[in-house]
Number of protein chains: 2
Amino acid sequence: MIRTNTAFLDFILANQDRYPKSLVQELSIEKGHKLIRQRSLVNAVSIINEGIAKCYLYQDDGTDFILEFFGPGEVVGEIEMLNNEFSFAAVEALTPMTVLRLTRDRFIELLTKDPVFNNHVLKLLAGKVKYKATRFSFTQTHTLEQTLTKMLEDMPDLLEVISKKDLVSYLGITKRSLNRTLKNLKEQGHI
Amino acid sequence: MIRTNTAFLDFILANQDRYPKSLVQELSIEKGHKLIRQRSLVNAVSIINEGIAKCYLYQDDGTDFILEFFGPGEVVGEIEMLNNEFSFAAVEALTPMTVLRLTRDRFIELLTKDPVFNNHVLKLLAGKVKYKATRFSFTQTHTLEQTLTKMLEDMPDLLEVISKKDLVSYLGITKRSLNRTLKNLKEQGHI
DNA sequence: AAAAGTAAAGGACATTTGTCCCACCAGTAG
DNA sequence: CTACTGGTGGGACAAATGTCCTTTACTTTT
């Protein structure tokens, strides 16, 4: 549920000496800081080194919808870079983070000149497609109780790591529904 | 709602002479035929030239969930190819189709040797991510009536092109709910 | 045209989820 | 200490959606 990509992070870290500091900049991000704002220009790609971020959309009606939780190795901003469009989602640090940041030019350069880097980006995009597809399919065709049960099986410490507020946004439901369902699961002994 | 990618199709068609027939094979597909089966090996990438296909997941409980409708220029099988995994979704022709098919090796070769081809694939994946993200966010945070209203605004001939059965799978709802909501929209004069 | 078979529409009720609101508790400013 | 604040949990009811089954409409057959 918190997505990671150690293969890519390892690759980047292993090659960091080949990428001068000025081009792959290591940054610390405070909790709550936005790596990307919605509907803004994105001019850098960030690879998460440490920490967790949420990637979410906010709708006209004020509700947030969290698409993914990003952990180490996940990449942020590449979609906007490729599409040459304003960001369609926002990304915000849920914990203190460190990220490796590539400028737009450097990202494009690596993409065209380093086939291994290019392949990592292709795979990572394919992974995002697959993740969204399976997650939304499941969420859409199962009740909240079924979805929550599965999430808690996959990640027993879910409720310690992700705030209820964020969980609510991730599932696209209300606080009330989450509380009610958690209560049911407890009464049934599933938690 | 039916996704297309004319830029990519134009590029492929314009370069077809450079790609020998044996390597970019043009195929006719009958309505109902599956371009990809779920949980199977995929050894070719298909670019849709004409016709419409549905890309869907089937779950354990027997329900289908349609992820996207693909039209001309959309690409099928590239995700499995990149991830080197069995297919996670199925793709089936809704109309008679023609597709341009690349073998695995040819796809990899173009990806590594043709930067323009590579860039098209990157963009196309980024587009799929964005499409899924915005669509699911909307569906999850709006009622069926709101979602249907928007779909009918975007595509007034929706009900003529897509069967109710497929619409139900696309929205992850039941036939009953669709009928009820359509009836309401008619009574309100929105259709 | 009548009968039979099949798919689509919808009524009645059940379940799931949302809305509104209140009670409770911890922190903290006055 | 008191009063205010923000966050959390949950009761009561409303709305949305699903399940089950009947009715309608439309083919096909005879």
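Here is how names work: the chains are called A, B, and so on, in the same order as the sequence lines, proteins then strands, and each is numbered from 1.
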**Message:** Nearest 0.5 angstrom please: A/Arg101 CZ to A/Asn43 CG, how far?
**Reply:** 8.5 Å
**Message:** Rounded to whole Å, please give me the gap between CG in B/Leu185 and P in C/dG10.
**Reply:** 13 Å
**Item:** Nearest-Å distance for atom pair CD1/C1', residues A/Ile173 and D/dT17
**Value:** 16 Å
**Message:** Against B/Glu68, only a single residue in B/Lys128, B/Lys132, B/Lys130 fulfils salt bridge (charged side-chain N to carboxylate O under 4.0 Å, His left out); can you say which?
**Reply:** B/Lys132
**Complete:** Between CD of B/Glu187 and C1' of C/dG10 the distance, given in whole Å, is 11 Å
**Message:** Test your reading of the model: is there a side-chain donor-acceptor pair from B/Asn118 to the backbone of B/Asp114, 3.5 Å cut-off?
**Reply:** no
**Asked** Is the shortest side-chain N/O distance from A/Thr174 to OP1 or OP2 of C/dT17 below 4.0 Å?
**Response** no
**Message:** Let's go through B/Thr174 and B/Ser177 carefully: what are the C-alpha distance in whole Å and the side-chain angles of both, what is the deciding distance for side chain to side chain donor-acceptor pair (under 3.5 Å) to 0.1 Å, and is it a yes or a no?
**Reply:** CA-CA 5 Å; B/Thr174 60; B/Ser177 301; 3.0 Å; yes
**Atom-to-atom span, CD of A/Glu145 to P of C/dT17 - whole angstrom** = 9 Å
**A/Leu171 with A/Met155, same ILVMFWY side-chain cluster at under 4.5 Å** = yes
**Complete:** Rounded to whole Å, the CZ-P distance (A/Arg176 to C/dC20) equals 14 Å
**Message:** Please list, in numerical order, the residues of residues 162-172 of chain B that have a heavy atom closer than 4.0 Å to any atom of DNA chain C.
**Reply:** B/Lys164
**Request:** Could you label the plane-to-plane angle of the A/Phe11 and A/Phe117 rings as parallel, tilted or perpendicular, counting under 30° as parallel and over 60° as perpendicular?
**Result:** tilted
**Request:** Spell out, as yes or no, whether a donor-acceptor pair under 3.5 Å connects the side chain of B/Ser87 to the backbone of B/Ser40.
**Result:** yes
**Fill in**
Here the distance between atom C1' of C/dT16 and atom NZ of A/Lys183, to the nearest Å, is 16 Å
**Prompt:** Can you tell me if A/Thr103 and A/Asp105 form a side-chain donor-acceptor pair at under 3.5 Å?
**Reply:** no
**Message:** Just the rounded figure in Å: distance from C1' of C/dA8 to CG of B/Leu182.
**Reply:** 12 Å
**Request:** Report yes if a donor N or O on one partner sits less than 3.5 Å from an acceptor N or O on the other, where the partners are the side chain of A/Arg180 and the base of C/dG18; otherwise report no.
**Result:** yes
**Proximity to DNA chain C (any heavy atom under 4.0 Å), residues of residues 134-144 of chain A only** = A/Thr143, A/Leu144
**Message:** Counting the benzene-type ring for Trp, do B/Tyr56 and B/Tyr170 have ring centres under 6.0 Å apart?
**Reply:** no
**Prompt:** How close or far is atom P of C/dG11 from atom CG of B/Asn184, stated in whole angstroms?
**Reply:** 11 Å
**Prompt:** Would you say the side-chain atoms of B/Thr141 pair up with the backbone N or O of A/Gly172, donor to acceptor, closer than 3.5 Å?
**Reply:** no
**Request:** Look at the side-chain N and O atoms of A/Asn179 and state whether any lies under 4.0 Å from the OP1 or OP2 oxygen of D/dG10.
**Result:** no
Please produce a list of atom pairs where a protein N or O lies less than 3.5 Å from an N or O of nucleotides 23-28 of chain D.
none

**Asked** What about the rings of B/Phe65 and A/Phe136, do their centers lie closer together than 6.0 Å?
**Response** no
**Prompt:** Which of the following nucleotides, C/dA9, D/dG18, C/dG18, is nearest to the side chain of B/Lys175?
**Reply:** C/dA9
**Asked** When you check the gap from the basic side-chain N to the acidic O, do A/Glu109 and A/Arg106 get nearer than 4.0 Å?
**Response** yes
